[in-house]
Amino acid sequence: MFRIGEFSKIAQTAISQLRYYDQIGLFQPAYTDESTGYRYYSTKQLPELNRIIALKELGVSLEQIKKMVLEAVSAQEIRGMLMLRKAQVEQTVQEEINRLKIIEARLKEVEQPENLIGEGIILKSISAQPFYSSRKVMAKLFDTIYLVTEMREHVPAMLGQEQLGHLTIIIHGDAFSIENTDVEVGFPLEKMPETPLLLPGGDEVSARMLQQEEKVISAMRVGSFENGYEKYAQIGRWIENSDFRISGPAREVFIKPPSPGNPDDCVCEIQFPVTRSTALV
């Protein structure tokens with residue numbers, strides 16, 4: 001067997017940690033010399049120690065770990081917890097990457113505040129059309145991404161891709177919000193479907209009519225979502241220099257939705273319904 005210092009090297013665990021685990025009765029030496037007080041450990045104890053450390057790294061409290069050790073939680077159960085934690089960490093990392101991209105996009109606006117005021121801006125009309133959609137308040141961006149993914153997978157399978165227009169996101173509400181956003185995700189249709197659809201995540205997809213919009217300002221965004229900041233700013237500058245005012249929620253129409261793992265191949269039309277200022281008085 002090994003004295004505590006030697007065992008700490010083999011187990012790659014600090015002496016202070018081993019002593020603390022012994023003190024609280026979580027992980028004790030295989031043998032303690034009563035005359036010297038020296039602690040001795042065996043390599044046969046490594047699976048037990050690694051189980052404890054793995055659970056601790058997964059965020060499990062030491063009190064919970066003591067209970068789980070007594071209940072002999074299996075390696076398969078720990079792996080399941082690991083996969084769940086991995087998914088949570090990956091989501092957090094992706095959210096942080098998105099934040100950095102947003103900061104970079106906003107800095108671009110700071111550096112080029114008057115960039116391309118009118119380039120690529122289109123004024124057009126949109127006819128009334130059936131819209132097969134699901135609307136809910138999204139706590140965060142990933143909730144919207146999840147709903148979009150479900151819609152893309154299950155709605156075409158039920159109605160047939162040839163029956164659907166471009167995937168469209170309507171951003172409701174009186175102001176922009178990064179959290180708790182009122183979002184509607186759906187597809188324009190040629191005709192009303194007969195029945196609603198229940199997605200695996202529990203959200204219902206049902207049909208309604210989108211009203212005709214006499215005037216819509218639009219601009220194309222190419223690439224990932226953070227490129228939209230520049231396009232929204234361009235639309236805003238165009239409206240400010242015209243006699244129009246925003247009269248409805250923004251729409252994002254995905255002419256080419258992003259492919260899995262490659263958001264940069266996306267083509268999205270950003271739309272704002274508008275009306276002439278005199279009509280709002």
Return the CZ to CD1 distance between Phe27 and Ile53, rounded to the nearest 0.5 Å. 8.5 Å
State, with a plain yes or no, whether a side-chain heavy atom of Tyr20 is found less than 4.5 Å away from one of Leu26. no
The remaining residues in the hydrophobic cluster of Val267, counting side-chain heavy-atom contacts under 4.5 Å among Ile, Leu, Val, Met, Phe, Trp and Tyr, are Met220, Val253, Ile255
Please confirm whether the backbone N or O of Pro249 pairs with a side-chain atom of Gln271, one donor and one acceptor, at under 3.5 Å? no
Hey, quick one: are Ile246 and Ile169 part of the same hydrophobic cluster, counting side-chain heavy atoms closer than 4.5 Å, chains of contacts allowed? yes
To the closest 0.5 Å, what do you measure between CG (Asp22) and CD (Gln17)? 13.0 Å
Closest heavy-atom pair, Ser206 versus Pro196, reported as atoms and distance to 0.1 Å, is CB-CB, 4.2 Å
If every non-hydrogen atom of Arg152 is compared with every non-hydrogen atom of Pro258, which pair is closest and at what distance? NH1-O, 3.0 Å
Not counting sequence neighbours, list each pair that qualifies as a ring-ring contact (aromatic ring centres under 6.0 Å, His included) and has a residue in residues 248-277. Tyr232-Phe272
In terms of hydrophobic clusters joined by side-chain contacts under 4.5 Å, are Tyr41 and Ile24 together? yes
Steps toward side-chain hydrogen bond (donor to acceptor under 3.5 Å, both in side chains) verdict (Ser134, Asp203): CA-CA 7 Å; Ser134 180; Asp203 297 309; 4.8 Å; no
Nearest-0.5 Å distance, CZ of residue Arg51 to CD of residue Glu48: 8.0 Å
From Ser133 OG over to Glu184 CD, what is the distance, rounded to the nearest 0.5 angstrom? 3.5 Å
Here the pair of heavy atoms bringing Gln211 nearest to Arg251 is O-NH2, 4.2 Å
Work out which heavy atom in Arg221 is nearest to a heavy atom in Gly223; give both atom names and the distance. NH1-O, 2.7 Å
Sub-4.5 Å side-chain heavy-atom contact between Lys215 and Leu123: yes
Which residues pass the ring-ring contact (aromatic ring centres under 6.0 Å, His included) test with Tyr132, sequence neighbours left out? none
Which residue pairs pass the salt bridge (Lys or Arg N to Asp or Glu O under 4.0 Å) test with at least one member in residues 138-147, sequence neighbours excluded? Glu95-Lys140
Quick one: does any side-chain atom of Ser35 pair with a main-chain N or O of Asp33 as donor and acceptor, under 3.5 Å? no
Hits for side chain to side chain contact (heavy atoms under 4.5 Å, CB included) against Glu90, two or more places apart or cross-chain, chain-then-number order -> Lys86
Pairs touching residues 154-171 that satisfy side chain to side chain donor-acceptor pair (under 3.5 Å), sequence neighbours left out: none
Leu167 and Met138: same hydrophobic cluster, using ILVMFWY side-chain contacts below 4.5 Å? yes
Shared hydrophobic cluster for Leu164 and Leu210 (ILVMFWY, side-chain gaps under 4.5 Å): no
So, do Phe244 and Thr275 sit near enough that their side-chain heavy atoms are less than 4.5 Å apart? no
What pairs with Glu63 under side chain to side chain contact (heavy atoms under 4.5 Å, CB included), at least two apart in sequence or on another chain? Ser61, Lys66
Measuring from Glu214:CD to Ser247:OG, what's the distance to the nearest 0.5 Å? 10.5 Å
Ile65/Lys56 under side chain to side chain contact (heavy atoms under 4.5 Å, CB included): CA gap, chis, key distance, verdict: CA-CA 7 Å; Ile65 292 173; Lys56 182 175 179 292; 3.9 Å; yes
How would you list, by chain and number, every residue that makes a side chain to side chain contact (heavy atoms under 4.5 Å, CB included) with Arg19, sequence neighbours excluded? Ile4, Ile15, Arg39
Which distance, rounded to the nearest 0.5 Å, do you find between the CZ of Phe131 and the CZ of Arg208? 6.5 Å
Just checking, is any N or O donor in the side chain of Ser218 or Glu269 under 3.5 Å from an acceptor N or O on the other one? yes
Under a 3.5 Å threshold, yes or no: a donor from one side chain and an acceptor from the other, between Ser259 and Asp265? yes
Quick one: side chain to side chain contact (heavy atoms under 4.5 Å, CB included) partners of Thr181, sequence neighbours excluded? Ile171, Ser177, Val183
Less than 6.0 angstrom separating the ring centers of Phe2 and Phe7, yes or no? no
Transitive ILVMFWY cluster of Met209 at side-chain heavy atoms under 4.5 Å: who else is in it? Met192
Begin from the C-alpha positions of Gln234 and Lys231 and carry the test side chain to side chain contact (heavy atoms under 4.5 Å, CB included) through to its verdict. CA-CA 5 Å; Gln234 287 180 22; Lys231 294 302 176 182; 3.8 Å; yes
Any Arg245 side-chain heavy atom under 4.5 Å of Arg276 side chain: no
Exercise: identify the closest heavy-atom pair between Pro156 and Met151: CD-O, 3.2 Å
Any heavy-atom pair between the side chains of Ile217 and Ile121 that's under 4.5 Å? yes
Should Val205 and Met158 be counted in the same cluster of Ile, Leu, Val, Met, Phe, Trp and Tyr side chains packed under 4.5 Å apart? yes
Going by chain and number, the hydrophobic cluster around Ile126 (ILVMFWY, side chain to side chain under 4.5 Å) further includes Val216
What's in the same ILVMFWY side-chain cluster as Tyr31, cut-off under 4.5 Å, chained through other members? Met1, Tyr38, Tyr40
